[in-house]
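Model, not experiment: these values are computed from the prediction.
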Amino acid sequence: MNLVSVIIPTYKGAERIVRTLDSVRAQTVSTETVCIVNGPDDGTLALLRKYQRSFPDFDLKIIRFHGSGAGAARNLGLDVATGQWVTMLDDDDALEPDFLDVALKQASANDASVICMPIIDVRENDRTAVESTLSARLKALAGKRVSAVQAPWLMGYNAAKLIPRDVLSGTRYRPALDSGEDVVFFAETVLTQDSPVDFLVVRDDLGGNYAYLRTLRPGSRSRQQGTFSFNVEERFDVIGALSKLKVRESVESARTSLIRSQLSFTKDYLQSNTNQFSNAREAGIRRGLSPQVWAEFNKDVDVNTLVVSYCFPPFNDPSGIVAAKRIIAEGEVVDCVSADMSAVRSIDTSLVNAVGPFIRKHWMLDGPPSFSDWTAISDFAVRARRITRKGKHYDRLYTRAMWPASHVAGALIRLSNPSIQWVAEFSDPMRFDAEGNTRKGPISENRTSRQLEKAVRKSGLSTLDLRTHFELTEAATVLLASSLVFTNQNQLYVMLEGYPADWHRMIESKAEIRFQPTLPRGYYSMGVEFSPATDRVNIGYFGSFYPNRGLGPVLQRASRLPTKLREKLQFTLFTLKPSAAAEAIGMEFPELDIECRGYLDYLDFLSALDALDVLLVVDAQVGAGRINPFLPSKYADYSGSETPIWAVVDDGSPLEGMPTAMRSHLNDSESIDSVLTDLTTWKELPWRAKRKP
């Protein structure tokens with residue numbers, strides 16, 4: 001058996017390969033050389049066969065590979081190699097005569113895992129030596145045995161290494177990577193082993209000629225620069241592959257270093273191409289880069305805004321989703337404080353993937369999550385304020401409720417830093433529930449409640465009768481915030497109810513109406529593709545199901561359609577408890593074709609919107625004589641899709657004033673019947689053309 005297998009992938013290498021083979025044939029140890037010819041044949045194959053005939057004692061294996069990529073070619077070489085040791089050699093490089101002899105002696109004497117030999121860079125034409133960063137770094141470690149943690153950069157290149165075959169095991173290059181496949185290959189080889197794999201960096205003064213001669217060739221893939229593809233997309237591909245490796249905890253810092261190295265290419269490129277930042281973030285989102293990667297990407301960004309959102313990704317909650325969308329829409333990198341909601345909310349990693357590019361630091365505070373317990377709310381707010389006192393003073397603060405703790409934290413931060421510009425957003429009136437009743441929540445006396453009460457009392461405005469902490473939080477927020485954001489005008493009207501005239505004027509002077517943000521179209525194609533039935537008009541509904549609320553009025557009217565019309569419709573309901581919903585609907589409306597599914601991750605949800613035929617959104621009913629302040633949060637997402645919206649509205653509601661393809665009224669069964677009947681003529685619907693038959 002040969003001691004060493006030399007693996008050489010070659011692409012259009014006819015003008016270079018002979019010199020490379022000669023350098024291997026000059027070695028003084030037993031070798032087999034595996035040469036893989038990939039890409040179009042420029043005569044290399046015939047040249048190799050001639051070389052094989054000319055030197056019958058030289059163990060040369062020739063493989064014709066009809067695929068593409070040096071990584072895939074090297075994999076073929078690894079599959080057929082039989083040597084106890086393996087080394088990689090490019091077809092434009094060469095080995096000095098004593099390279100393998102010295103490498104094997106050093107391996108035997110030091111019992112090392114991977115032997116790193118000296119590298120000399122030479123110009124392609126005149127073969128003169130050129131100083132390089134890599135050769136200088138190797139000289140700095142000459143004669144030392146180091147771990148991956150001590151010198152992670154040793155995993156960043158293919159050349160000049162002698163690797164035991166048993167260490168390689170089943171590790172292979174990733175053919176899908178257009179560049180950087182060597183980084184992932186060696187990271188997987190070294191960092192995922194059960195036992196540590198170390199490196200011995202061989203000195204360059206042992207006597208003899210044993211360097212790896214690396215040719216500096218302008219056309220080399222590894223030396224490309226200045227393109228978005230190479231510096232951003234391909235670097236993100238490598239980072240994604242590195243992130244997915246199951247590495248030992250003790251070497252996690254080595255992986256982080258490799259990721260940072262890849263990111264340095266991207267950061268350098270974006271510094272000179274600032275107009276590509278949004279494209280870079282979208283490329284990273286499509287690849288699902290982790291929050292840790294984005295934190296590293298953004299760590300040097302000068303952040304001026306702090307976001308406090310009690311519920312925030314990765315937890316699936318409408319309030320957190322809207323806060324995340326606000327951040328994305330602003331396009332500004334921020335720091336964020338949120339609560340650990342794992343006890344009450346599900347995890348949605350796609351939310352993190354969407355907003356991660358815009359987060360530098362994210363503090364997730366532990367503790368029991370609560371909507372109404374003042375002790376838990378106060379504790380979160382106090383801890384959030386402490387973060388702003390750790391050497392960082394922000395210019396801008398954004399908070400969002402429904403969860404009251406967000407605004408309580410905002411109030412404390414504003415009190416401790418009066419110059420900060422605080423933007424406070426309300427999703428719904430805080431004092432009232434969906435039925436218009438005052439929320440219950442007694443004010444427990446503690447330092448936080450005393451601070452807020454003092455601020456309200458000393459405002460110089462009319463005295464308020466504050467009986468619940470919801471009322472206290474709302475009053476302190478509208479008083480202290482620099483700007484108040486409401487999602488619709490009705491919400492502002494309801495918020496003003498019960499406040500004295502001077503409070504009215506103060507609130508209105510700060511009020512700003514901003515609809516919930518709709519993400520750019522690119523986000524609608526990032527999730528898993530959804531495939532509904534295509535033989536019926538598929539009406540999609542996202543939300544909770546109650547027989548007499550939400551989807552109920554529509555299902556009641558659909559169940560009364562003639563059989564021939566009813567059979568042309570299908571309802572797809574996405575809800576929290578699909579089994580329970582299916583059972584309830586089956587009992588209430590057995591004649592309807594209704595498919596119940598669980599909630600989708602956010603990016604999958606956006607993708608599904610485009611696949612459905614109709615998106616149904618239904619107003620909440622607030623009762624006769626009351627202003628409806630609720631604009632369903634799903635509307636903003638629906639409006640960004642290519643699928644028409646059918647709105648079933650309450651008279652005078654915010655939804656009634658929004659553009660939709662179809663509209664019915666909650667208390668008008670004929671208007672619901674009319675839309676249902678129109679939908680049964682789906683062949684005449686203009687949007688049906690976007691769907692494949």
> So Y599 and F574, ring pair (Phe, Tyr, Trp, His ring centres under 6.0 Å) or not? Walk me through it.
Replying inline: CA-CA 5 Å; Y599 282 141; F574 300 83; 8.5 Å; no
Testing the basics here: between [X] and [Y], what is the closest heavy-atom pair and its distance to 0.1 Å?
| X | Y | answer |
| --- | --- | --- |
| S641 | L609 | CB-CB, 3.8 Å |
| R16 | Y11 | NH2-O, 2.9 Å |
| L191 | A148 | CD2-CB, 3.8 Å |
| P9 | L89 | CD-O, 3.6 Å |
| C35 | L48 | SG-CD1, 3.7 Å |

>> By the definition side chain to side chain donor-acceptor pair (under 3.5 Å), identify the one residue from E32, K61, Q84, R165 that meets it with S5.
In response: E32
Would you say the side-chain atoms of [X] pair up with the backbone N or O of [Y], donor to acceptor, closer than 3.5 Å?
| X | Y | value |
| --- | --- | --- |
| Y524 | D637 | yes |
| S338 | C311 | no |
| D98 | N209 | yes |
| R248 | Q193 | yes |
| R360 | V301 | yes |
| S23 | A94 | no |
| N231 | D268 | no |
| T274 | Q271 | no |
| T192 | E188 | yes |
| T31 | Q27 | no |

> For S132 and D121, what are the C-alpha separation, side-chain angles and deciding distance, and is it a side-chain hydrogen bond (donor to acceptor under 3.5 Å, both in side chains)?
Replying inline: CA-CA 7 Å; S132 70; D121 284 337; 2.8 Å; yes
Should [X] and [Y] count as an ion pair when the cut-off is N to O under 4.0 Å?
| X | Y | result |
| --- | --- | --- |
| R19 | D92 | no |
| D335 | K361 | no |
| D317 | R345 | yes |
| R74 | D90 | yes |

> Would K267 and D300 count as a salt bridge (charged side-chain N to carboxylate O under 4.0 Å, His left out) if you check the C-alpha gap in whole Å, the side-chain angles of each, and the deciding distance to 0.1 Å?
Replying inline: CA-CA 10 Å; K267 290 181 178 181; D300 298 324; 3.6 Å; yes
> Step by step, would you call F315 with S342 a side-chain contact (heavy atoms from CB on, under 4.5 Å)?
Replying inline: CA-CA 7 Å; F315 302 107; S342 54; 3.8 Å; yes
Do the side chains of [Y] and [X] get nearer than 4.5 Å, heavy atoms only?
| X | Y | result |
| --- | --- | --- |
| E252 | V149 | no |
| M364 | P314 | yes |
| R214 | I120 | no |
| R286 | S525 | yes |
| V6 | V34 | no |
| L289 | N353 | no |
| D348 | L600 | no |
| K12 | P40 | yes |

Just how far is it from atom [atom1] of [X] to atom [atom2] of [Y], taken to the nearest 0.5 Å?
| X | Y | atom1 | atom2 | result |
| --- | --- | --- | --- | --- |
| Q52 | F58 | CD | CZ | 10.0 Å |
| I239 | R260 | CD1 | CZ | 12.0 Å |
| I163 | S113 | CD1 | OG | 11.0 Å |
| N279 | F228 | CG | CZ | 5.0 Å |
| E282 | R287 | CD | CZ | 10.0 Å |
| L21 | I8 | CG | CD1 | 5.0 Å |

>> A cation-pi test, strictly: NZ or CZ of K325 under 6.0 Å from the centre of the six-membered ring of Y602 and no more than 45 degrees from its axis. Yes or no?
In response: no
> Checking R235 against F230: charged group under 6.0 Å from the ring centre and within 45 degrees of the axis?
Replying inline: yes
> Which is it for T20 and T10 under the side-chain contact (heavy atoms from CB on, under 4.5 Å) test, yes or no, and what are the steps along the way?
Replying inline: CA-CA 10 Å; T20 301; T10 180; over 6 Å; no
> Which is it for L612 and F530 under the side-chain contact (heavy atoms from CB on, under 4.5 Å) test, yes or no, and what are the steps along the way?
Replying inline: CA-CA 9 Å; L612 296 161; F530 176 75; 3.8 Å; yes
>> Taking the ring of Y173 and the ring of F185, is the distance between their centroids below 6.0 Å?
In response: yes
>> Please confirm whether the ring centroid of Y51 lies under 6.0 Å from the ring centroid of F55.
In response: yes
>> Check the orientation of Y157 and W153. Use parallel for under 30°, tilted for 30 to 60°, and perpendicular for over 60°.
In response: parallel
>> Please evaluate residues R145 and D198 with respect to the criterion salt bridge (charged side-chain N to carboxylate O under 4.0 Å, His left out), reporting the C-alpha separation (whole Å), side-chain torsions for both, the decisive distance (0.1 Å), and the verdict.
In response: CA-CA 7 Å; R145 182 169 177 164; D198 57 14; 2.5 Å; yes
> Given the rule in the side-chain contact (heavy atoms from CB on, under 4.5 Å) test, do Y212 and L95 qualify, once you have shown the distances and angles that lead to the verdict?
Replying inline: CA-CA 5 Å; Y212 183 104; L95 306 177; 3.5 Å; yes
> Do E234 and S229 have a side chain donor and acceptor closer than 3.5 Å?
Replying inline: yes
>> Would you say that more than 12 heavy atoms from the other residues, nucleotides or ligands in this model lie under 6.0 Å from the CD of E15, or not?
In response: no
